[in-house]
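Starting from 1, each residue takes its place in the sequence as its number.
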Amino acid sequence: AQAGVFSQNKIEALLRDLLPVLTFIHRIPVIHRDIKPDNIIRRESDRSLVLVDFGAAKRVTPTNRSITGTVIGTAEYVAQEQMAGKPKEASDIYSLGVTCLHLLTGVSPFNLFDTEEFEWVWRDFLVNNPVDQKLGDVLDKMVCPGTKKRYQSAQAVLDALGGVKPDNQSFSPQQQMTQPSQMNSSS
């Protein structure tokens, strides 16, 4: 999905494409654990963006939800609770939000977070690429370091965007999983 800096419209389209996918996998329940620009590609058949590389994904069960697990994911995009081995659905939302910040600015997420003030400073890196208050507030809540202050579901993010409800008729896991040849990495 990397094709230079993304505009607000492209970020909103990315979120509208990927949030229903997260809603679906979180219902299984599965946590992706490695959302980043390299794991977002454009499907050739309908030109929508899709999430790939479920190699780090973890099925969540009542018994393993509270057990510290393997730390996995790409450091620039990983939420703190995931770095501690306790990923949640909100960890994927964090990683998707950080991905959006990277795509909006073209700057490494490591440079978008002020470690002294413990806050995101991504707006300082927007160059001739305005983001309105509504999307800015949504992104800020997606990447909130405090898990309880973050969106708790992908659907909640869609709702905040004024988004669409997932349509189980059009999003079929069989379609997604049996037709990987219809995806490519063109931008």
Rounded distance [0.5 Å steps], [atom1] in [X] versus [atom2] in [Y]:
X   : Y    : atom1 : atom2 : result
Y94 : Q80  : OH    : CD    : 6.5 Å
L15 : C100 : CG    : SG    : 4.0 Å
T23 : L158 : OG1   : CG    : 5.5 Å
E76 : N111 : CD    : CG    : 8.5 Å
I31 : K86  : CD1   : NZ    : 12.0 Å
R27 : I25  : CZ    : CD1   : 12.0 Å

[X] and [Y]: side chain donor to acceptor below 3.5 Å:
X    : Y    : result
E89  : S153 : no
N129 : S7   : no
T74  : K36  : yes

Check whether any side-chain heavy atom of [X] sits under 4.5 Å from a side-chain heavy atom of [Y], and report yes or no.
X    : Y    : value
D140 : W122 : yes
L19  : Q155 : no
L14  : I40  : yes
L161 : L135 : yes
T147 : K88  : yes

TODO: For D17, check side chain to side chain donor-acceptor pair (under 3.5 Å) against everything at least two apart and list the hits.
DONE: none
- [ ] Sequence neighbours left out, what passes side chain to side chain donor-acceptor pair (under 3.5 Å) with Q8? Give chain and number order.
- [x] E12, D132
Search all heavy atoms of [X] against all heavy atoms of [Y] and return the closest pair with its distance.
X    : Y    : answer
A79  : R150 : CB-NH1, 3.9 Å
K134 : A160 : CE-O, 3.2 Å
V5   : L104 : CG1-O, 2.7 Å
P37  : H102 : CG-ND1, 3.9 Å
R33  : P87  : CD-CG, 3.8 Å
N128 : P130 : C-CD, 3.8 Å

Task: Single hit among V98, D34, V143 for side-chain contact (heavy atoms from CB on, under 4.5 Å) with Y77 - done: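 Only one option passes, and that is V98.
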Donor-acceptor contact present, side-chain [X] to main-chain [Y], <3.5 Å:
X    : Y    : answer
T105 : V107 : yes
W120 : D114 : no
D92  : I35  : no
R42  : R47  : yes

- [ ] Let me see the working for I41 and L49 under side-chain contact (heavy atoms from CB on, under 4.5 Å), right down to the final yes or no.
- [x] CA-CA 6 Å; I41 63 172; L49 294 172; over 6 Å; no
Open item on the list: I want to check a possible cation-pi pair here: K141 against Y151, using under 6.0 Å from ring centre and within 45° of the ring axis as the test.
Closed with: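 Checked: cation-pi criterion met.
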Open item on the list: Apply ring pair (Phe, Tyr, Trp, His ring centres under 6.0 Å) to residues F113 and F118 and explain how you reach the verdict.
Closed with: CA-CA 7 Å; F113 190 81; F118 205 69; 5.2 Å; yes
